[in-house]
Amino acid sequence: MEETNITINFDAAKLDALEFALRKQRSSVQRRMAEMLQQLYEAEVPEAVREYVDSKTAPAARPKRPAKSVTPKAQISEVSPKEDN
């Protein structure tokens with residue numbers, strides 16, 4: 001899927017404080033923004049449209065290989081020689 005960059009303006013001091021707070025949570029502004037953007041997409045874009053978009057971006061399904069035919073192996077039985085009595 002092709003990605004694009006989004007640019008927004010935000011107060012630099014607030015961004016620094018937000019980055020500091022998110023580092024303590026082992027997260028980042030970029031990670032949280034991506035999560036929120038995904039949630040917004042899922043909330044606002046109808047499911048049918050999302051399915052259409054997904055179908056256009058999903059890799060083509062590879063055809064399955066035909067199953068190998070299993071041929072039964074010939075059974076070899078040992079024949080003991082006849083004993084003379």
Side-chain angles (χ1 to χ4, degrees):
M1 178 183 293
E2 183 182 347
E3 293 188 350
T4 188
N5 289 322
I6 298 174
T7 304
I8 59 171
N9 295 320
F10 193 71
D11 182 271
K14 290 179 180 179
L15 180 60
D16 287 342
L18 181 57
E19 287 176 338
F20 178 77
L22 291 176
R23 271 194 304 271
K24 288 182 175 181
Q25 299 174 23
R26 294 192 172 156
S27 191
S28 67
V29 172
Q30 178 144 355
R31 183 179 301 141
R32 293 291 297 274
M33 291 296 294
E35 291 169 358
M36 296 302 292
L37 193 57
Q38 182 66 31
Q39 288 176 4
L40 180 62
Y41 170 77
E42 291 172 3
E44 298 300 324
V45 177
E47 184 176 357
V49 176
R50 293 193 318 256
E51 287 176 2
Y52 173 74
V53 170
D54 289 344
S55 72
K56 289 185 63 141
T57 59
R62 295 186 300 169
K64 293 184 178 180
R65 284 194 262 164
K68 292 183 180 179
S69 61
V70 178
T71 55
K73 294 182 180 178
Q75 292 183 350
I76 301 174
S77 58
E78 292 184 24
V79 178
S80 58
K82 290 185 181 179
E83 295 179 13
D84 291 331
N85 289 349

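Count residues from 1 along the sequence.
Under the 4.5 Å side-chain heavy-atom criterion for ILVMFWY residues, a single connected hydrophobic cluster contains both L40 and F10. One hydrophobic cluster, built from ILVMFWY side chains closer than 4.5 Å, holds both L22 and I6. Linking ILVMFWY residues whenever their side-chain heavy atoms come closer than 4.5 Å, directly or via other members, leaves M36 and L18 in distinct clusters. By the criterion of side-chain heavy atoms lying less than 4.5 angstrom apart, applied directly or through intervening Ile, Leu, Val, Met, Phe, Trp or Tyr residues, V29 is grouped together with L37 in one hydrophobic cluster.
Heavy atoms of other residues, nucleotides or ligands lying less than 6.0 angstrom from OH of Y52 number 12 at most. Shown here is F20, whose CZ atom has no more than 12 heavy atoms of other residues, nucleotides or ligands within 6.0 Å.
Judged as a salt bridge (charged side-chain N to carboxylate O under 4.0 Å, His left out), the pairs with a partner in residues 22-44 (not counting sequence neighbours) are, in order, R32-E35. The salt bridge (charged side-chain N to carboxylate O under 4.0 Å, His left out) analysis of residues 1-15, with sequence neighbours excluded, yields no pairs. For residues 45-55, there are no salt bridge (charged side-chain N to carboxylate O under 4.0 Å, His left out) pairs, not counting sequence neighbours.
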- Message: Between V53 and V45, does the side chain to side chain contact (heavy atoms under 4.5 Å, CB included) criterion hold? Intermediate values first, please.
- Response: CA-CA 10 Å; V53 170; V45 177; 6.0 Å; no
